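Notes follow the structure.
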Amino acid sequence: MRLATWNVNSIRARVDRVIDFLERSGTDVLAMQETKCKDEQFPREAFEQAGYEVVTSGFSQWNGVAIASRVGITDVERAFAGQPGWGEDPVTEARALGASCGGVRVWSLYIPNGREIDDPHFDYKLRWLEALRAESARWLTEDPARPVALVGDWNVAPLDTDVWDIDVFAGRTHVTPAEREAFAAFAEAGYTEVSRQHLPAEHTYTYWDYQQLRFPKNQGMRIDFTWASPTLAVRVTDVSIERNERKGKGASDHVPVVLDIAEAA
DNA sequence: ATGCCTGTGAGACACAGA
């Protein structure tokens, strides 16, 4: 099975590119983030015509996650248990969508950006990561053999070499010890970040800002990852970062990360 | 060329992204 994750930065603006990628890449399951539309606005017909079922979670023009699959989609959840909400009267945002596809429990995740270190969104980001860690650890406690993939845009650069110049990020989000500890805690919960395992090269990015020629200069960030449960991690045979998808007119600022997963023994 | 930001809603700019 081929499983990919991609922050598409608006599915309505990008649907032709996304469908084209699905067909070229042989992707069976695609987890999308930042679809930027309500469920009723999602261009599901294009996916269905290409042979994919699609489930979506979008409440407004902000955030939005979706999963497309040609190997089945069942048991859909539009938030994880204990998912923190935003605001004084907390609102659950469209940042987590779970579904079982081809025997794998896939979670499409869009971790809050955090904005600035002194912004309330930063504390929200840390609480959100901790709540996800606690809940996903519980899934493995219940059933250690469960194949689970936590995929998406984590908005954390775990290593200094995951950004082009760490000095540029001094005092900013994505690289703070608190965020990195919250990210690394998924390893303590029993998960393996399989993209690093297969693609250890430094300065290998999944995102390049639209501004200031960041892509031509290769000034990017590595912030899209896959935490795989033990029985799934050992089935991952290859991972690729589809850098070519950042090229040309109408590209998302993120590229797909693709995993090849062997059949269960 | 991989090229100087893009997408949303609104109907001018404000907000968000990272």
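Treat the numbers as computed from the prediction; the structure is a model and nothing was measured.
Residue contacts for A:N63: at a heavy-atom cut-off of 4.0 Å it reaches no nucleic acid atom on any strand shown. Counting non-hydrogen atoms under 4.0 angstrom, A:E245 reaches nothing in the nucleic acid. Residue-level contact check: A:F169 touches neither bases nor backbone, having no heavy atom under 4.0 Å from any strand. Here A:N155 lies in heavy-atom contact (under 4.0 Å) with sugar-phosphate atoms only. At a threshold of 4.0 angstrom between heavy atoms, the contacts of A:G114 with the nucleic acid are absent.
Sequence order on DNA chain B of the closest nucleotides to A:T35 and A:F215 puts A:F215 first from the 5' end. Between A:N218 and A:E34, the one whose closest nucleotide on DNA chain B sits nearer the 5' end is A:N218.
Nearest nucleotide to the A:R12 side chain, out of B:dT8, B:dG17, B:dA18: B:dT8. The side chain of A:K247 has B:dT2 as its nearest neighbour among B:dG9, B:dT2, B:dA18. The A:Y210 side chain lies nearest to B:dC5 when the options are B:dC5, B:dA16, B:dG7. Set against B:dC5, B:dA18, B:dG7, the side chain of A:S10 has B:dG7 as its closest nucleotide. Side chain of A:P216, nearest nucleotide from B:dA18, B:dT8, B:dT2: B:dT2. Nearest nucleotide to the A:W62 side chain, out of B:dG9, B:dA18, B:dC15: B:dC15.
Between A:N7 atom CG and B:dG7 atom P the separation is 13 Å, expressed in whole Å. Put simply, NZ on A:K125 is 11 Å from C1' on B:dG17, counting in whole angstrom units. If you take OH of A:Y124 and P of B:dG17, they are 10 Å apart, rounded to a whole angstrom. Note: CZ (A:R17) to C1' (B:dG7) measures 15 Å, nearest angstrom. If you take CG of A:L213 and P of B:dC5, they are 7 Å apart, rounded to a whole angstrom. Here B:dG3 presents its P atom at 13 Å from NZ of A:K217, a figure rounded to the nearest Å. In this structure, A:R14 atom CZ and B:dT8 atom P are separated by 8 Å, rounded to whole Å. Atom CZ of A:F59 is separated from atom P of B:dT8 by 19 Å (rounded to the nearest Å).
Distances shown here put every side-chain N or O of A:R214 at or beyond 4.0 Å from the OP1 or OP2 atom of B:dT2. Taking only side-chain nitrogens and oxygens, A:Y110 comes nearer than 4.0 Å to OP1 or OP2 of B:dA18. Contact annotation: A:N113 reaches the phosphate of B:dA18 (side-chain N/O to OP1 or OP2, under 4.0 Å). Applying the 4.0 Å criterion to OP1 and OP2 of B:dG17, one finds that A:Q61 has every side-chain N and O outside that range. Neither OP1 nor OP2 of B:dG17 sits under 4.0 Å from any side-chain N or O of A:H121. An OP1 or OP2 oxygen of B:dG17 is reached within less than 4.0 angstrom by a side-chain nitrogen or oxygen of A:R115. Distances shown here put every side-chain N or O of A:T173 at or beyond 4.0 Å from the OP1 or OP2 atom of B:dA18. Close to B:dT2, at under 4.0 Å from its OP1 or OP2, lies no side-chain N or O of A:R243.
Classification of the A:F186-A:Y191 ring pair by plane angle, with boundaries at 30° and 60°, yields perpendicular.
A:D28 and A:R70 are joined by a salt bridge, as a carboxylate oxygen and a charged side-chain nitrogen come within less than 4.0 angstrom of each other. Salt bridge status for A:R180 with A:D160: present, with a side-chain N to carboxylate O gap under 4.0 Å.
A donor-acceptor pair under 3.5 Å is absent between the side-chain atoms of A:R222 and the main chain of A:P158, judged by distance alone.
Between B:dA18 and B:dT8, the two P atoms lie 15 Å apart (nearest whole Å). Remark: the separation of the P atoms in B:dA10 and B:dT6 is 23 Å, to the nearest Å.
Checked by atom type, the side-chain pair A:E245/A:S252 shows no donor-acceptor distance below 3.5 Å. Checked by atom type, the side-chain pair A:N9/A:K36 shows a donor-acceptor distance below 3.5 Å.
At most 12 heavy atoms of other shown residues, nucleotides or ligands fall within 6.0 angstrom of atom CD in A:E263.
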